[in-house]
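Shown next, in structure tokens, is the structure this report addresses.
Computed over heavy atoms, backbone and side chain alike; hydrogens, waters and symmetry mates excluded. Per chain, numbering begins at 1; letters A, B, ... match sequence-line order.
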Amino acid sequence: MFYLKEKVQPFIGKKVLEATGEPKKMDVNRLVNQPVLDFKTHGKEFFICFPDFTVRIHLMLFGYYRINEKKEDGKLRLGMKFDNGELNFYACETTIIKEPLNEVIDWTTDIMNPDWNPEKAMEKVLQKPKLMVCDALLDQDIFSGVGNKLKDEILFETHVHPESIIGKIPKEKLQEMIDTAAVKGFEHLEWERSNRTEGGMKIHYQKACPRDHTPIHLRTLGKTKRTAYFCEKCQELYA
DNA sequence: TCCAATGTTTCGCC
DNA sequence: GGGCGAAACATTGG
């Protein structure tokens with residue numbers, strides 16, 4: 001989303017000349033003639049800010065977008081034409097937010113936001129001492145933007161086993177994890193900027209640990225029941 | 001052909 | 001009412 005925001009900067013200040021999409025989801029006509037004031041991101045959410053309302057886009061699992069091109073057989077949810085190009089969103093969730101964004105969104109939970117507040121994240125994490133780390137990292141109210149892949153990368157980087165229990169992890173280690181979350185977020189952005197060339201993922205989707213070549217475990221873990229890739233040898237279990 | 005996977009919300013059942 | 005699980009949505013690749 002952060003990368004998308006960078007790429008759509010030319011549309012800021014432009015008026016929507018034409019809007020198409022799925023009427024059931026949203027009345028797209030209200031966008032016509034409205035100027036885009038700004039694009040914002042919060043975790044996995046993307047916001048298109050107009051004078052009187054905001055469009056929220058969430059790509060969910062399968063959503064995707066096209067800039068200055070179309071996908072003919074795609075399920076278009078929202079398409080906007082400007083005088084200098086077009087922006088199309090497919091198979092995603094679109095919603096209108098009427099309230100001022102700052103009243104609805106807590107920017108301090110977003111690992112990629114300048115207002116990201118790691119101290120607050122620490123407080124929230126410590127309030128859930130029985131939670132598994134793999135679940136904690138996926139909690140969007142604490143780590144907005146961390147997904148299943150990033151979760152695996154953060155745990156691998158910090159040598160923490162995904163099934164570790166928050167309350168059993170030393171505070172310094174928790175701190176390291178929280179800091180690493182933001183670092184990994186920006187590493188991922190760099191990886192996207194570089195056209196996704198060489199391996200962005202050190203552990204997710206891999207077969208062997210890049211450190212000691214131990215075969216990587218692949219299991220569904222925690223209450224979130226998401227697939228976790230991890231190295232049993234070099235990721236310590238705190239339990 | 002079938003299943004799993006970058007995610008989240010909602011509904012039904014204890 | 002909380003917590004859990006299943007279902008729903010929808011796309012692509014293996």
Side-chain angles (χ1 to χ4, degrees), chain A residues 1-5 7 20-26 41-47 54-67 69-79 88-97 104-106 109-112 127-157 162-163 165-166 180-207 216-230:
Chain A
M1 290 296 97
F2 206 95
Y3 186 44
L4 167 61
K5 184 172 71 177
K7 292 193 289 186
T20 43
E22 197 171 329
K24 275 182 192 170
K25 291 280 171 183
M26 181 178 92
T41 63
H42 177 255
K44 299 162 194 165
E45 300 168 296
F46 182 72
F47 299 110
T54 303
V55 174
R56 171 190 182 267
I57 307 249
H58 197 301
L59 263 30
M60 309 302 284
L61 239 73
F62 309 121
Y64 53 96
Y65 59 83
R66 292 285 184 275
I67 300 170
E69 57 177 292
K70 277 193 176 70
K71 186 168 185 293
E72 293 306 331
D73 57 343
K75 192 165 257 182
L76 182 70
R77 281 284 158 75
L78 176 61
N88 300 303
F89 293 96
Y90 302 85
C92 59
E93 276 199 9
T94 55
T95 31
I96 295 276
I97 298 178
V104 197
I105 305 295
D106 179 2
T109 63
D110 180 0
I111 58 165
M112 308 280 287
Q127 279 167 15
K128 306 184 178 192
K130 288 181 181 164
L131 200 63
M132 277 186 189
V133 258
C134 56
D135 290 328
L137 281 170
L138 289 173
D139 188 333
Q140 297 301 296
D141 291 334
I142 308 177
F143 301 99
S144 312
V146 173
N148 204 30
K149 293 178 180 174
L150 221 47
K151 173 210 70 181
D152 285 350
E153 298 300 315
I154 294 164
L155 291 171
F156 177 70
E157 184 78 26
E163 285 181 294
I165 307 299
I166 294 289
T180 304
V183 172
K184 284 286 161 192
F186 284 98
E187 270 182 26
H188 192 264
L189 173 63
E190 278 307 322
W191 174 70
E192 285 190 304
R193 278 182 185 147
S194 70
N195 238 353
R196 309 182 180 210
T197 42
E198 67 222 56
M201 300 287 150
K202 290 204 178 87
I203 189 97
H204 200 89
Y205 288 155
Q206 305 303 309
K207 290 198 168 66
I216 280 169
H217 284 250
L218 201 172
R219 262 194 288 149
T220 303
L221 299 179
K223 65 171 183 180
T224 45
K225 296 226 167 66
R226 304 298 301 279
T227 311
Y229 288 74
F230 60 99

I'd like to check [X] versus [Y] (side-chain heavy atoms, cut-off strictly below 4.5 Å). Are they in contact?
X	Y	answer
A:Cys134	A:Lys151	yes
A:Asp141	A:Thr109	no
A:Tyr205	A:Tyr229	yes

What is the distance, to the nearest angstrom, from the [atom1] atom on [X] to the [atom2] atom on [N]?
X	N	atom1	atom2	answer
A:Phe89	C:dT11	CZ	P	16 Å
A:Lys223	C:dG2	NZ	P	14 Å
A:Arg56	B:dT9	CZ	P	7 Å
A:Asp135	C:dG3	CG	P	14 Å
A:Lys75	C:dA8	NZ	C1'	13 Å
A:Leu59	B:dT9	CG	C1'	16 Å
A:Met60	B:dA5	CE	P	17 Å
A:His204	B:dG7	NE2	P	9 Å

OP1 or OP2 of [N] less than 4.0 angstrom from a side-chain nitrogen or oxygen of [X], does that happen here?
X	N	answer
A:His58	B:dG7	no
A:Lys44	B:dT8	yes
A:Gln140	B:dG7	no
A:Lys225	C:dG5	yes
A:Arg226	B:dA4	no
A:Tyr205	B:dA5	no

A:Lys71, NZ: over 12 other non-hydrogen atoms inside 6.0 angstrom = yes
C1' gap between B:dT6 and C:dG5, integer Å = 22 Å
With the side chain defined as heavy atoms from C-beta on, A:Thr227 is closest, among B:dG7, C:dT11, B:dA5, to B:dA5
With respect to the side chain of A:Lys149, which nucleotide from B:dA5, B:dT6, B:dG7 is positioned closest?
-> B:dT6
Go through the steps for A:Ile165 and A:Leu131 under the test side chain to side chain contact (heavy atoms under 4.5 Å, CB included), then give the verdict.
-> CA-CA 6 Å; A:Ile165 307 299; A:Leu131 200 63; over 6 Å; no
Select base, sugar-phosphate, or nothing to describe what A:Glu93 touches, counting heavy atoms under 4.0 Å on all strands.
-> nothing
Which part of the nucleic acid does A:Lys71 contact within heavy-atom distance under 4.0 Å: base, sugar-phosphate only, or nothing?
-> sugar-phosphate
Now, which nucleotide makes the Watson-Crick or G-U wobble pair with C:dG5, with each of the two distances under 3.5 Å?
-> B:dC11
